[in-house]
Every structure is written in C-alpha cells, then in structure tokens.
Amino acid sequence: MISRSRTGLVAIAILLASALPAVAAEGPLPFPETALLRIAFAPNESALSPAAHNEIADFATDIRRQSSRLLIKAYAGPPHDTSSTARKLSLHRALAVRQKLVGEGVVGERIRVRALGGTSDSGPQDRVDIVLSGG
C-alpha cells in the first residue's frame, strides 16, 4: 500500500513532467564542411593574428588567379549561439578576413560574407572558414 504523501509526490512529479516542454535528444554535431582555408581566432577576439595574415596572403596569391567566388563563413561561440553578441563578433571576424583578401588583390565582388554566430558543427568555435560559393 502506498502512503498518501508518496502518492501526492508521484502525482506532483507527473504534473511537473507533463508541464515541461519536450526536449529532443540532440545527437552529436556533424563534422565541419571542408574549407579552402580555416582561420582560428582567440576567444572574444576579431583581430587577425600575424600567422593568419600570412595564411591569408598566401591563399590570396593562389585564389586571385582563379575566377571562383568565395564565401566567408564566420563563427563565434558555442554551438547554436545566435545571440547578437556572437553574431556581431563573427561579423567582425568575417570582415577582417575579407578586408585582408581585398588588400591582397582578390576582387571584393567575388567574396560573400556570412556571420553565423555559434557553430552548427563539431569544428572549432572561434574560426572563419573560406569555402567556394555556389553563386
């Protein structure tokens, strides 16, 4: 026989559980898309490191000979963080990379920018990826 106090607790637990929204179990994050160039940033920073300057300069030397369009995908913060702070930081990172590419002779009209905020994959949280653009 179940006591009244225990029955009351079970009823409360059932009510609370039914009042909470169902949360889908998230699986592991997918692997990041293959990038032509991946630039790492320090957390909460948008300035390019000396190493990043060199990597972008070398990349620009190769890519400016081609006619392909580029997409700069910038990330800042933990997975799925779409806060304005994360999006602003990722935008500053993307624009820093774009400015360096243009300064190295890549035509600006060939470059699109996407500030994505937090990552949606298992790649580094603080990064910019340069990929080929479809349009």
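Nothing here was measured: the structure is a model prediction, and the numbers come from that model. If you read the sequence from its start, that first residue is 1, and numbering goes on from there.
- Gln99 CD: 12 or fewer foreign heavy atoms inside a 6.0 Å radius.
- One distance of note links CD of Glu104 with CG of Leu101; it measures 8.0 Å at 0.5 Å rounding.
- Side-chain contact check for Ser122 versus Phe31: some heavy-atom pair is nearer than 4.5 Å.
- Salt-bridge formation is not detected for the pair Arg87/Asp81: no Lys NZ or Arg NE/NH1/NH2 atom is positioned less than 4.0 Å from an Asp or Glu carboxylate oxygen.
- Taking CD1 of Ile56 as the reference point, atom CD1 of Ile130 lies at 6.0 Å (rounded to 0.5 Å).
- Taking Ile, Leu, Val, Met, Phe, Trp and Tyr as hydrophobic and joining them when side-chain heavy atoms fall under 4.5 Å apart, one finds Val107 isolated, its cluster having no other members.
- One N or O on the side chain of Arg98 and one on the backbone of Gly108 form a donor-acceptor pair closer than 3.5 Å.
- Of all the heavy atoms in Ala74 and Val128, the pair that sits closest is CB-CG2, 3.8 Å.
- Using a 4.5 Å heavy-atom threshold, the side chains of Glu55 and Leu37 count as touching.
- Interatomic distance, Ser120 OG to Glu33 CD, rounded to the nearest 0.5 Å: 9.5 Å.
- Membership of the apolar cluster around Leu71 extends to Val131, as traced through chained side-chain contacts below 4.5 Å between ILVMFWY residues.
- Ion pairing of Glu45 with Arg93 is absent here, as no side-chain N (NZ or NE/NH1/NH2) approaches a carboxylate O to less than 4.0 Å.
- Salt bridge Arg114/Asp129: absent, no basic N to carboxylate O contact under 4.0 Å.
- His80 is listed as a side-chain neighbour of Leu29, based on a closest heavy-atom distance under 4.5 Å.
- The distance from the CG atom of Leu36 to the CG atom of Leu132 is 4.5 Å, given to the nearest 0.5 Å.
- Atom CG of Asp62 is surrounded by more than 12 heavy atoms from other residues, nucleotides or ligands within 6.0 Å.
- Taking both residues in full, the closest heavy atoms of Ala94 and Val113 are given as CB-CG1, 3.3 Å, listed atom of the first, atom of the second, then distance.
- Residues Arg112 and Arg69 are not in side-chain contact: their nearest non-hydrogen atoms beyond the backbone lie 4.5 Å or more apart.
- With contacts defined as side-chain heavy-atom distances shorter than 4.5 Å, the pair Leu89/Ser46 qualifies.
- Within the 4.5 Å cutoff, no side-chain heavy atoms of Val106 are placed close to those of Phe59.
- Looking at Ile39 and Arg127, their side chains never come closer than 4.5 Å, going by heavy atoms from C-beta outward.
- Arg110 contributes a side-chain N or O that, together with a main-chain N or O of Ser68, makes up a donor-acceptor pair within less than 3.5 Å.
- A donor-acceptor contact shorter than 3.5 Å is absent between the side chain of Ser90 and the backbone of Tyr75.
- When side chains are defined from C-beta on, Lys73 counts as touching Leu116, because their heavy atoms get closer than 4.5 Å.
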